[in-house]
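Inspection log for the structure reproduced underneath, given as structure tokens.
Note on naming: letters A, B, ... go to the chains in the order of the sequence lines (proteins, then strands), and numbering restarts at 1 for each one.
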Amino acid sequence: MSLTAKDKEIVKAFWTKLAPKADDVGADALSRMLAVYPQTKTYFAHWKDLSPGSAPVKKHGKTIMGGVADAVGKIDDLTAGLLNLSELHAFTLRVDPANFKILSHNILVVLAIVFPNEFTPEVHVALDKFLGALSRALAEKYRYPTTRSEPQNEQHFSPPLSISTSKRSSMCWLAAVGICRETHKGTSSKR
Amino acid sequence: MVEWTEQERSIITNIFGNLDYEDVGSKALSRCLIVYPWTQRYFASFGNLYNAEAIKTNPNIAAHGTKVLHGLDRAVKNMDNIKATYAELSVLHSEKLHVDPDNFKLLADCLTIVIAAKLGSAFSPEIQATFQKFLAVVVSALGRQYH
């Protein structure tokens with residue numbers, strides 16, 4: 001179910017209406033996710049306050065919508081455009097991708113509340129497809145195959161030198177169990 | 001057995017007590033058919049479903065949406081025994097209508113969105129949680145008699 005030209009047009013047009021309210025939408029969607037799907041709270045055990053509209057929730061809602069805004073700008077190639085974010089979610093955050101669907105649903109609920117007239121079924125389906133494509137791009141790096149032939153334009157996965165030690169060691173472990181193929185050299189892989 | 005607090009019961013009875021069944025029912029079903037087009041497979045005999053406009057103005061879809069929403073009344077009136085209340089309806093959907101039970105969740109999601117649009121910010125996270133819990137129990141009961 002890839003995005004048609006019409007879908008992209010609808011998403012971009014709706015985004016211009018949404019952009020000024022993006023932070024509030026993000027905060028509300030995240031609040032709802034935590035309230036309606038309590039299992040999602042497990043990812044935020046390090047926050048002091050998980051109640052709707054709390055400071056960490058507002059801040060994180062803004063971060064998330066920043067990512068969505070970025071995705072709107074890269075709508076023509078989400079997989080390539082969101083590579084770094086995918087690596088972050090796959091190796092550092094390790095969010096179960098089932099949760100992307102849950103957050104997407106709550107974003108749509110908030111859009112229905114904030115834009116009751118503009119969030120028509122036609123806009124709904126385009127946005128649902130877009131959020132689905134975004135989620136798939138985000139899950140891209142989750143399971144790196146152990147043996148595969150190289151597609152022509154793909155780079156070897158090779159972490160930048162600035163990456164934190166914990167991430168490097170988790171990647172070494174992944175390589176050791178054959179889940180992730182990597183080509184960086186010289187890091188101690190003893191655990 | 002599903003446990004309901006007094007607050008949850010009153011949230012559900014309030015939502016349904018103030019509902020325009022024809023408006024919400026038709027909007028929820030037509031939204032489902034537009035957002036999840038594969039659900040149209042169950043409505044081949046309903047006439048023109050060719051595009052979103054046709055679906056939105058199709059009188060058969062509107063009537064059926066209303067019917068489905070009134071079907072939820074039974075669950076509202078029997079919140080402590082939704083599974084038994086829907087046993088027959090579950091058999092109907094499985095044996096006669098041959099509806100894939102995954103579709104119940106899709107319609108439930110569209111109903112949530114239509115109610116959200118209607119109630120606006122009054123549809124708080126707590127109310128959303130209760131409403132979705134209610135719909136989840138309904139969805140589960142409707143899929144219960146499949147084999």
Side-chain angles (χ1 to χ4, degrees), chain A residues 1-4 6-7 10-11 14 21 24-41 49-54 57-58 61 98 101-132, chain B residues 7-8 11 15 20 23-24 26-40 49-58 61-62 65 102 105-137 139:
Chain A
M1 288 190 272
S2 50
L3 298 174
T4 62
K6 182 94 185 123
D7 290 330
I10 292 176
V11 169
F14 191 77
K21 305 189 185 183
D24 290 333
V25 167
D28 197 5
L30 193 58
S31 298
R32 283 167 193 278
M33 185 186 82
L34 297 168
V36 181
Y37 302 87
Q39 70 269 24
T40 57
K41 291 196 281 192
D49 186 357
L50 285 162
S51 57
S54 70
V57 169
K58 275 195 178 144
K101 206 168 199 294
I102 292 176
L103 181 56
S104 299
H105 167 73
N106 285 290
I107 291 174
L108 296 175
V109 170
V110 174
L111 294 180
I113 291 173
V114 176
F115 301 100
N117 299 315
E118 295 93 325
F119 191 62
T120 60
E122 294 90 323
V123 169
H124 179 167
V125 60
L127 277 169
D128 193 30
K129 284 175 79 175
F130 167 66
L131 291 173
Chain B
Q7 202 199 11
E8 285 172 332
I11 285 172
I15 290 178
D20 178 344
D23 181 46
V24 170
S26 62
K27 280 192 174 134
L29 185 58
S30 56
R31 190 169 280 253
C32 187
L33 296 175
I34 293 167
V35 178
Y36 308 107
W38 54 94
T39 56
Q40 291 168 27
L49 300 178
Y50 192 58
N51 53 41
E53 254 334 285
I55 293 172
K56 282 191 257 190
T57 53
N58 184 312
I61 294 296
D102 284 349
K105 183 162 192 315
L106 301 180
L107 181 57
D109 284 348
C110 285
L111 183 56
T112 302
I113 287 190
V114 170
I115 296 277
K118 213 163 167 66
L119 298 180
S121 49
F123 193 62
S124 67
E126 293 73 25
I127 291 182
Q128 182 185 343
T130 303
F131 190 64
Q132 290 200 208
K133 175 180 169 178
F134 173 74
L135 289 180
V137 174
V139 163

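If you measure heavy-atom distances from F131(B) to chain A, you find no contacts under 4.5 Å at all. Only the side chain of Q132(B) comes within less than 4.5 Å of a heavy atom of chain A; its backbone N, CA, C and O stay farther away. Heavy-atom distances place the side chain of K56(B), and not its backbone, under 4.5 Å from chain A. Residue contact with chain B, scored on non-hydrogen atoms closer than 4.5 Å, involves the backbone and the side chain of F119(A) alike. For S30(B), no part lies under 4.5 angstrom from a heavy atom of chain A.
Looking at T130(B), its side chain never comes within 3.5 Å of a backbone N or O of I11(B) through a donor-acceptor pair. A side-chain donor-acceptor contact under 3.5 Å links D7(A) to the backbone of T4(A).
Contact of the I15(B) side chain with the I127(B) side chain is registered, since non-hydrogen atoms from C-beta on lie closer than 4.5 Å.
Contact tally against chain A (heavy-atom pairs below 4.5 Å) for A129(B), P125(B), A52(B): the top residue is P125(B).
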Verdict with reasoning, T112(B) to D109(B), per side-chain hydrogen bond (donor to acceptor under 3.5 Å, both in side chains) = CA-CA 5 Å; T112(B) 302; D109(B) 284 348; 5.0 Å; no

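Under the 4.0 Å criterion applied to side-chain N and carboxylate O atoms, K6(A) and E122(A) are not assigned as salt-bridge partners.
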